[in-house]
Amino acid sequence: MDGRIILLALAVNAASIICFYLSVERQQWLAQPLPARPGRWAGSILMLGTVLLWWSQATFSTALFAVLTISMLLGSLVPYLAALRTILKGRQP
């Protein structure tokens, strides 16, 4: 396995989850959410790219499992990171 491709796959996976999150109406990072359709299309295309990157390093079932597991983890963390950002932003003078 090539470590650079795996790091790229992780970065693309994170970008796809962020695109999905920023296109949600109640997201907390931007003043206005991304337009829903383009944001979700971008997230979907990036997710497909993630699957292809992982597939180049492992079998398809392993690649799909890795993408889904990492996506669930990132999808759970991103809203908390946005809330933490809001809390820390409110504490600054």
Side-chain angles (χ1 to χ4, degrees):
M1 286 192 171
D2 188 5
R4 292 174 292 178
I5 293 178
I6 292 173
L7 287 175
L8 179 62
L10 290 170
V12 173
N13 200 347
S16 70
I17 295 301
I18 289 171
C19 282
F20 283 127
Y21 177 74
L22 292 179
S23 65
V24 173
E25 185 177 323
R26 295 183 54 124
Q27 58 85 25
Q28 298 177 5
W29 279 4
L30 304 175
Q32 294 290 327
L34 292 177
R37 194 165 287 193
R40 291 177 187 152
W41 270 103
S44 299
I45 291 169
L46 289 169
M47 187 71 68
L48 178 62
T50 303
V51 171
L52 294 175
L53 284 167
W54 276 106
W55 195 9
S56 73
Q57 299 299 304
T59 64
F60 181 75
S61 58
T62 303
L64 190 60
F65 178 78
V67 169
L68 292 176
T69 302
I70 293 166
S71 296
M72 286 187 292
L73 174 66
L74 293 173
S76 299
L77 289 178
V78 168
Y80 287 107
L81 292 174
L84 179 65
R85 179 180 165 264
T86 302
I87 290 169
L88 294 176
K89 187 176 167 184
R91 288 186 182 176
Q92 299 201 1

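We count residues from 1, following the sequence as given.
Between Ser23 and Gly39 the shortest heavy-atom distance is CB-CA, 4.0 Å. In terms of heavy-atom proximity, Gly75 sits nearest to Pro79 at O-CD, 3.2 Å. Nearest approach of Met47 to Ile17, heavy atoms of both residues: CE-CD1, 3.9 Å. Closest of all the heavy-atom pairs between Ser16 and Gly43 is CB-O, 3.4 Å.
Both Phe60 and Val67 belong to a single network of hydrophobic side chains, linked directly or stepwise wherever heavy atoms of I, L, V, M, F, W or Y lie under 4.5 Å apart. Under a hydrophobic-cluster definition in which Ile, Leu, Val, Met, Phe, Trp and Tyr are linked whenever side-chain heavy atoms come within less than 4.5 Å, directly or via other members, Leu68 and Tyr21 are assigned to the same cluster. Under a hydrophobic clustering in which Ile, Leu, Val, Met, Phe, Trp and Tyr are joined whenever their side-chain heavy atoms come within less than 4.5 Å, directly or via other members, Leu77 and Leu30 fall into different clusters. Side-chain heavy atoms closer than 4.5 Å link hydrophobic residues (I, L, V, M, F, W, Y) into clusters, and following such links, even through other members, never connects Leu73 to Leu64. There is no path of hydrophobic side-chain contacts, each under 4.5 Å, that joins Ile45 to Val51.
For Ala83, the side-chain contact (heavy atoms from CB on, under 4.5 Å) partners at least two apart in sequence or on another chain are Gln28. In terms of the ring-ring contact (aromatic ring centres under 6.0 Å, His included) criterion, Trp41 has no residue partners (sequence neighbours excluded).
Residues in residues 68-85 take part in these side chain to side chain donor-acceptor pair (under 3.5 Å) pairs, two or more places apart or across chains: Asn13-Ser71. Every pair passing salt bridge (charged side-chain N to carboxylate O under 4.0 Å, His left out) that includes a residue from residues 2-29 is listed here, sequence neighbours excluded: Asp2-Arg4.
We find the CH2-CG distance between Trp55 and Leu48 to be 10.0 Å, quoted to the nearest 0.5 Å. Taken from CG in Leu81 to CG in Leu74, the straight-line distance is 9.0 Å, to the nearest 0.5 Å.
Cluster partners of Met72, using a side-chain heavy-atom cutoff of under 4.5 Å among ILVMFWY residues and allowing indirect links: none. Residue Leu53 belongs to a hydrophobic cluster whose other members are Ile5, Leu8, Val12, Leu46, with links defined by side-chain heavy atoms closer than 4.5 Å.
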Full working for side chain to side chain contact (heavy atoms under 4.5 Å, CB included) between Val24 and Phe20: CA-CA 7 Å; Val24 173; Phe20 283 127; 5.9 Å; no

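In this structure the side chain of Ile70 reaches within 4.5 angstrom of the side chain of Trp54, judged on heavy atoms.
Heavy atoms from other residues, nucleotides or ligands lying under 6.0 Å from CH2 of Trp29 number more than 12.
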